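Worksheet: one structure, shown below.
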Amino acid sequence: MPSVEARLFHGTRDVLPAELLPQKELVATLTRTFEAFGFAPVETPAMEFVDILLGKYGADGEKLIYKLAYEDGHTLALRYDLTVPLSRLVAMHPELPKPFKRYQIQPVWRADRAQPAQGRFREFIQCDVDTVGTSSLVADAENLAVVHAGILASGMEGFLIKVNHRKLLRGMIAHAGLPATADKEVLRVVDKLDKIGLDEVVAELSKIGVDAAAIDKLVGLMNITGTPDAVLASAIERLGAEPAAVEGLADLRAMLGHARALGVPEARLRVDLSLTRGLDYYTGPVYEIVTTEIERFGSLGGGGRYDDLMSLFGGEPVPATGVSIGLTRLLTALVKLGKLKARESATDVLISRFPDTPVDAALACAATLRDQGFAVEWYYEADRLKKQFQYAERKGIPFVVILGASEIERGEAAVKHLATGEQVTMTRDAVAGWMRARLTPKA
RNA sequence: GUGGGUGUAGCUCAGUUGGUUAGAGCGUGAGAUUGUGGCUCUCGAGGUCGCGGGUUCAAAUCCCGUCAUCCACCCCA
């Protein structure tokens, strides 16, 4: 067989132990958080029929769906997100008690142009929670509370949750006297406000044919800053007479009140009237989580309410809302910030030995330590002790237990704590307690 | 998808106006009187100079193409 160069498809990645060990811990924490809010897990297949996915994301998103060249190339695709597969699943299981609250931690695929430094990949893991079957804004507030708790638990410190409302956006477009069909183009420009500045936004708006009066109204709204309450109050002042906006304003006010009651700090929340979000299926509140610690980094999560999506699979419309944490992106950010406590190995203790060590007696000792709850690794070769210690050092194993013929004979063991250099020879039943007293508790 | 930059060792890079066996640091392997890690020292392994073509007596170096990758935009997790 001809040899091929070992390589990866751009935008995909291998995850090595140093990163995957902390990632697994984070997933365990997120899982506990999700379950604490009453969400239960599901998984769905990586591939779906193409027509299940088409017509849900909008033209921009649809271009990024990976279609599989299976049969005629028009039957299967890799899932693009977890929300549409969930809707399909619920449509196929009408017997599920509503509201159906599920979480799902699985990879998705997007034929994007990858940019790893910005946390942009073609394959990445999303952690979604969704509540299907209620219009209650408490469910939306719970979404905010769940992502807040989840991101905080990851060790990320600087982040904000931006919220807006699709109906409020529609009201703003109407308020400016623009046709509803113009919203996408206009809002995309306005969304760039904090990046390119006011003058540029005005220039671009007039370039796409928005008249000066409309620009004034839009920019006036976008420029409102301050606490969520202040922004809302100011928006009510300007849009209170706009029928299209009223419901959005009321929803946001209620949702934010519930979120505060659930313990989301005021300082984490921003009402951002320029937040649009590209996916077509959102109908109500929308949210996006951004880090304030890295320039030009993609969002850490996002979501919103999508009351019309379920009806696209036939049957009755079912209200639904959900939010997603971008696990791959969150981990990338933490690595970039040096906030990931990397560890090469999950091993607590290495059993080191000598040419004269009775192997089976030492293995029995390893088995005992495992029974006592330690992760124990056996050193296979009777190498120089120096080499065995170097191995433990490089893999970040905190303890080395030294077993020679004399220790085995006397029922003893020498134990060394590498971080402090402390070493004691003791009876073997004392080893577990000695190590446990020095093992830094896992966070 | 649009625009710009860069491809030399596992990683970060040097390589003079084209000129013999292409270098350094880090990492990695072995060792410094055979039961002790981090520091230091010695020695070693490792390169189709992204790939293809062209110019030339001679190309890592110049030209064309191609692929890969990075950055910004777009969009988002």
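Because the structure is predicted, anything quoted here is derived from the model rather than measured. Side chains are part of it too, since the values below use all heavy atoms of this structure and drop only hydrogens, waters and symmetry mates. Residue numbers start from 1 in every chain, and the chains themselves are labelled A, B, ... in the order their sequence lines are given, proteins ahead of strands.
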**Message:** Work out how far the P atom of B/U40 is from that of B/C26, and round it to whole angstrom.
**Reply:** 9 Å
**Asked** Does A/Q115 put a side-chain nitrogen or oxygen below 4.0 Å from OP1 or OP2 of B/A72?
**Response** yes
**Item:** B/C39 to B/G46 separation - P atoms, rounded to the nearest Å
**Value:** 26 Å
**Complete:** When rounded to whole Å, the OH to C1' distance for the pair A/Y281 and B/A77 reads 11 Å
**Is_stacked (A/F121, B/A77) at 5.5 Å, 30 deg** = no
**Asked** Given the rule in the side chain to side chain contact (heavy atoms under 4.5 Å, CB included) test, do A/T332 and A/F297 qualify, once you have shown the distances and angles that lead to the verdict?
**Response** CA-CA 10 Å; A/T332 303; A/F297 199 80; 4.2 Å; yes
**Message:** Strictly by Watson-Crick or wobble contacts shorter than 3.5 Å, is anything paired with B/A45, and which nucleotide is it?
**Reply:** none
**Asked** When rounded to the nearest Å, what value does the distance between C1' atoms of B/G3 and B/C13 take?
**Response** 27 Å
**Prompt:** Rounded to the Å, how far apart are A/R79 CZ and B/A77 C1'?
**Reply:** 14 Å
**Asked** Of A/Q104, A/K101, A/R102, which meets side-chain hydrogen bond (donor to acceptor under 3.5 Å, both in side chains) against A/D130?
**Response** A/R102
**Fill in**
note: A/L279, atom CG; B/A77, atom C1'; distance rounded to Å ~ 10 Å
**Fill in**
Walking RNA chain B from its 5' end, the first of A/I125 and A/R113 to be reached, judged by nearest nucleotide, is A/R113
**Complete:** Contact string for nucleotides 31-42 of chain B, one letter per nucleotide 5' to 3', B = base within protein heavy-atom range under 4.0 Å, S = sugar-phosphate only, - = neither, reads SB--BBBB----
**Message:** When you measure from the side-chain N and O atoms of A/H10 to the phosphate of B/A68, is any distance below 4.0 Å, counting only OP1 and OP2?
**Reply:** no
**Asked** Knowing that exactly one of A/R88, A/K56, A/R79 qualifies, which makes a salt bridge (charged side-chain N to carboxylate O under 4.0 Å, His left out) with A/E48?
**Response** A/R88
**Message:** Over 60° means perpendicular and under 30° means parallel, so tell me whether A/H148 and A/F159 are parallel, tilted or perpendicular.
**Reply:** tilted
**For B/U56, the Watson-Crick or wobble counterpart (both distances under 3.5 Å)** = none
**Prompt:** Tell me: CG of A/D112 to P of B/U2, nearest whole Å?
**Reply:** 14 Å
**Prompt:** Considering only the C1' atoms, how many Å lie between B/C11 and B/G47, rounded to the nearest integer?
**Reply:** 14 Å
**Request:** Determine which nucleotide pairs with B/G23, using a 3.5 Å limit on both distances of a Watson-Crick or G-U wobble pair.
**Result:** B/C13
**Request:** Sort out the partner of B/A72 for me: Watson-Crick or G-U wobble, both distances under 3.5 Å, none otherwise.
**Result:** B/U2
**Asked** Which whole-number value in Å describes the distance from A/Y66 OH to B/G1 P?
**Response** 10 Å
**Asked** In the strands shown, is B/C67 matched to any nucleotide by a Watson-Crick or G-U wobble pair with both distances under 3.5 Å, and which?
**Response** B/G7
**Asked** What closest approach, in Å, do A/V290 and A/K162 show between heavy atoms, and which atom pair accounts for it?
**Response** CG1-CE, 4.0 Å
**Asked** Within the side chain of A/R122, is there an N or O that forms a donor-acceptor pair under 3.5 Å with the backbone of A/H10?
**Response** yes
**Message:** Suppose you measure atom C1' in B/G29 against the same atom in B/G10; what distance do you get, rounded to whole Å?
**Reply:** 13 Å
**Message:** Can you tell me which nucleotide in B/C75, B/C73, B/C70 comes closest to the side chain of A/R296?
**Reply:** B/C73
**Request:** Answer yes or no for A/R13 and A/F121: cation-pi contact, defined as NZ/CZ to six-membered ring centre under 6.0 Å and angle to ring axis within 45°.
**Result:** yes
**Asked** Parallel, tilted or perpendicular: which describes the rings of A/Y80 and A/Y57, with under 30° parallel and over 60° perpendicular?
**Response** tilted
**Asked** Between A/L16 (CG) and B/C11 (C1'), how many Å, whole number?
**Response** 14 Å
**Asked** Heavy atoms under 4.0 Å, any strand shown: does A/R110 hit a base, just sugar-phosphate, or nothing?
**Response** base
**Request:** Could you tell me whether A/G298 contacts a base, only the sugar-phosphate backbone, or nothing, with contacts defined as non-hydrogen atoms closer than 4.0 Å?
**Result:** base
**Asked** A/Y281 and A/Y306: aromatic ring centres closer than 6.0 Å?
**Response** yes
**Prompt:** Is the distance from OP1 or OP2 of B/C75 to the nearest side-chain N or O of A/R277 less than 4.0 Å?
**Reply:** no
**Asked** Is the shortest side-chain N/O distance from A/R394 to OP1 or OP2 of B/G29 below 4.0 Å?
**Response** yes
**Message:** Measuring only the P atom in each nucleotide, how far is B/A30 from B/A72? A whole number of Å is fine.
**Reply:** 41 Å
**Asked** Does a side-chain N or O from A/Q118 land closer than 4.0 Å to OP1 or OP2 of B/C75, or not?
**Response** no
**Prompt:** B/U40 pairs with which nucleotide, Watson-Crick or G-U wobble, both distances below 3.5 Å?
**Reply:** B/A32
**Request:** Could you work out the separation of B/U16 and B/C63 based on their P atoms and round it to a whole Å?
**Result:** 15 Å
**Asked** What integer number of Å spans the P atoms of B/G15 and B/U61?
**Response** 15 Å
